[in-house]
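Heads up, the thing below is written out as structure tokens.
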Amino acid sequence: MPVTLHWFLPTSGDGRTVVERFHANRSQGPSAQREADIDYLALIAGAAERLGFDAVLTPTGTWCEDAWLTTAALIRETRRLKFLVAFRPGLISPTLAAQMAATYQRISGGRLLLNVVTGGDAVEQRRFGDWHDHDRRYARTDEFLTIVRGVFSGRPFDFAGEHLRVEGATVLGVPDPVPPLYFGGSSPAALPVAARHADVYLTWGEPPAQVAEKIGRVRRLAEEAGRTVRFGIRLHTLSRDTSEEAWAEAGKLLDALSPEQVRQAQQQLAASESVGQQRMVALHGGALGNGVRGLEIHPNLWAGVGLVRGGAGTALVGSHVEVADLIEEYHALGIEEFVLSGYPHLEEAYWFGEGVRPELARRGLLGGAEPALLPYPDRKNGHNAHR
């Protein structure tokens, strides 16, 4: 299967350093250099569309704008770009989520993808009124997705579980197409849920050997459940015309971090219940390392982002050819979808789209024809027009 490329919408703001975007705690750094207003996010979405990315991931959590509302506002700013909307199943009714998805598909022309985020931070979950522990959250997610799938069948659906119960759950019309479910989680409680429900299992950017072991477990569990699951990976990217230029830029990101910022961030990240987050922290041990290359945990895979950022903590760093090499290495393991981001997101989309994407196309890793440049949106007149 070919590689599918996605980008990221920084709905908590954007900038040229990692520390200001430590999304779990705004106090770790200065305010965003670029606020996440709708015009700036429209620029990023437009760039992603022009550069041939299939979709943009929009995160969920306290420190970012709501993903459903933000992406709905961007539907009319784009023409074919899909929106990978992250949401937490414990904070919304499954029937309401199915209704929202069905409406979204109708108003967008079928451009919704769903990223189910069970949640690994008990402090944040309680902030939203969720007092379930880690394993019970995944058990509830299992029931939630069973209901959503049942509603999407088009027939009134009944379900009575330990955590959720519905009678006659249905929606106005079945979404067309039914949005695929993207799902992550590394714990023993998460993997069986992924195997039963995920269309795409997402992992954070661990070294290839660790990724191979994890997706192997999910694949076996899915086979036992009579299902087939595709695989994706969440990474940052920093590519330049030469390897030296790329590592110099990574060095600037590292130089902007102070030992105290790293210490505070690691203290908070270490308290996470998320097994995936624990695996991210283990990659670098919370230390600044011996310079920028001291955090290179696999050729051209850099763990510096995870010193202060929760979630995805690794980046593809190198020349366009080197970054393409590592993408090809992951693809050989079975990774088909790459959800990428960079600092700042507007500029890095172009570095990747104009540098790495053509290299992937030359290797035959991208399906279909190269995207034609689309016209910029003319917001004043409500339609697209060339500038």
Side-chain angles (χ1 to χ4, degrees), residues 6-14 21-26 32 35-36 38 41 44-45 48 55-75 82-94 96-101 103-104 108 111-132 134 137-138 140-141 144-145 148 179-187 190 193-194 197-204 232-236 268-269 272-277 280 309-313 337 339-341 345:
H6 308 295
W7 198 243
F8 185 85
L9 281 179
T11 55
S12 58
D14 202 6
R21 299 279 35 87
F22 177 47
H23 70 303
N25 187 343
R26 281 184 177 269
E35 291 299 325
I38 198 65
L41 295 176
I44 296 174
V56 285
L57 170 64
T58 309
T60 184
T62 302
W63 309 114
C64 54
E65 301 289 1
D66 177 75
W68 290 98
L69 294 174
T70 301
T71 57
L74 294 172
I75 290 172
K82 297 174 185 175
F83 296 97
L84 180 50
V85 174
F87 73 100
R88 297 191 175 168
L91 311 182
I92 187 173
S93 151
L96 178 59
Q99 181 186 46
M100 292 166 65
T103 299
Y104 200 112
S108 71
R111 292 194 277 154
L112 175 67
L113 313 174
L114 292 174
N115 180 26
V116 179
V117 181
T118 297
D121 183 344
V123 172
E124 183 168 37
Q125 294 298 123
R126 291 169 186 169
R127 188 178 294 138
F128 285 95
D130 179 14
W131 293 81
H132 279 44
H134 177 276
R137 287 197 296 269
Y138 276 103
R140 180 181 57 196
T141 296
F144 181 100
L145 295 176
V148 170
L181 297 177
Y182 289 66
F183 185 90
S186 299
S187 68
V193 180
H197 296 287
D199 296 300
V200 179
Y201 174 78
L202 278 177
T203 179
W204 285 328
I233 193 167
R234 174 77 180 92
L235 289 156
H236 303 283
Q268 184 166 352
L269 293 173
S272 174
E273 294 177 326
S274 166
V275 173
Q277 185 63 72
M280 281 282 101
R309 187 196 189 282
E337 305 205 17
V339 184
L340 306 170
S341 55
H345 288 74

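FYI, the numbering just counts along the sequence from 1. Both backbone and side-chain heavy atoms feed into the values below; hydrogens, waters and symmetry mates do not.
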- Where do Arg137 and His132 come nearest, in terms of heavy atoms and distance? NH1-O, 2.9 Å
- Output all residues satisfying ring-ring contact (aromatic ring centres under 6.0 Å, His included) with Phe183, sequence neighbours left out; order by chain, then residue number. none
- Message: Is the shortest side-chain heavy-atom distance between Leu41 and Thr70 below 4.5 Å?
- Response: yes
- Expected output: side-chain Asp14 to main-chain His345 donor-acceptor under 3.5 Å: yes
- Message: Just verifying a value: how many Å separate Thr11 OG1 and Ile38 CD1, rounded to the nearest 0.5 Å?
- Response: 10.0 Å
- Item | Residues that Tyr138 engages under ring-ring contact (aromatic ring centres under 6.0 Å, His included), provided they are two or more places apart | His134
- Item | From NE2 (His6) to CG (Leu202), nearest 0.5 Å | 8.0 Å
- Would you confirm whether Tyr201, through its side chain, and Gly185, through its main-chain N or O, come within 3.5 Å as a donor-acceptor pair? yes
- Task: Search all heavy atoms of Gly13 against all heavy atoms of Ala36 and return the closest pair with its distance.
- Result: N-CB, 3.6 Å
- Could you tell me whether the side chain of Phe144 reaches within less than 4.5 Å of the side chain of Ile92, counting heavy atoms only? yes
- Message: If we check side chain to side chain contact (heavy atoms under 4.5 Å, CB included) with Pro89, which of these qualifies: Leu114, Leu145, Thr141?
- Response: Thr141
- Item | Contact summary for Ala312 and Arg234, nearest pair of heavy atoms | CB-CG, 3.6 Å
- Please round to the nearest 0.5 Å and tell me the distance separating atom CG of Leu84 and atom OG1 of Thr58. 7.5 Å
- Item | Shortest non-hydrogen contact from Ala86 toward Leu57 | CB-CD1, 4.4 Å
- Please list, chain by chain and in numerical order, all residues satisfying salt bridge (charged side-chain N to carboxylate O under 4.0 Å, His left out) with Arg111, sequence neighbours excluded. none
- Message: Side chains of Glu337 and Tyr182, heavy atoms from C-beta outward: is any pair under 4.5 Å?
- Response: yes
- Query: Are any of the side-chain heavy atoms of Phe8 and Val56 separated by less than 4.5 Å?
  - Reply: no
- Message: Once you measure the plane-to-plane angle for Trp68 and Tyr104, does it fall in the parallel (<30°), tilted (30-60°) or perpendicular (>60°) bin?
- Response: perpendicular
- Message: Which heavy atom of Leu9 sits nearest to which heavy atom of Pro59, and what is that distance?
- Response: O-CD, 3.3 Å
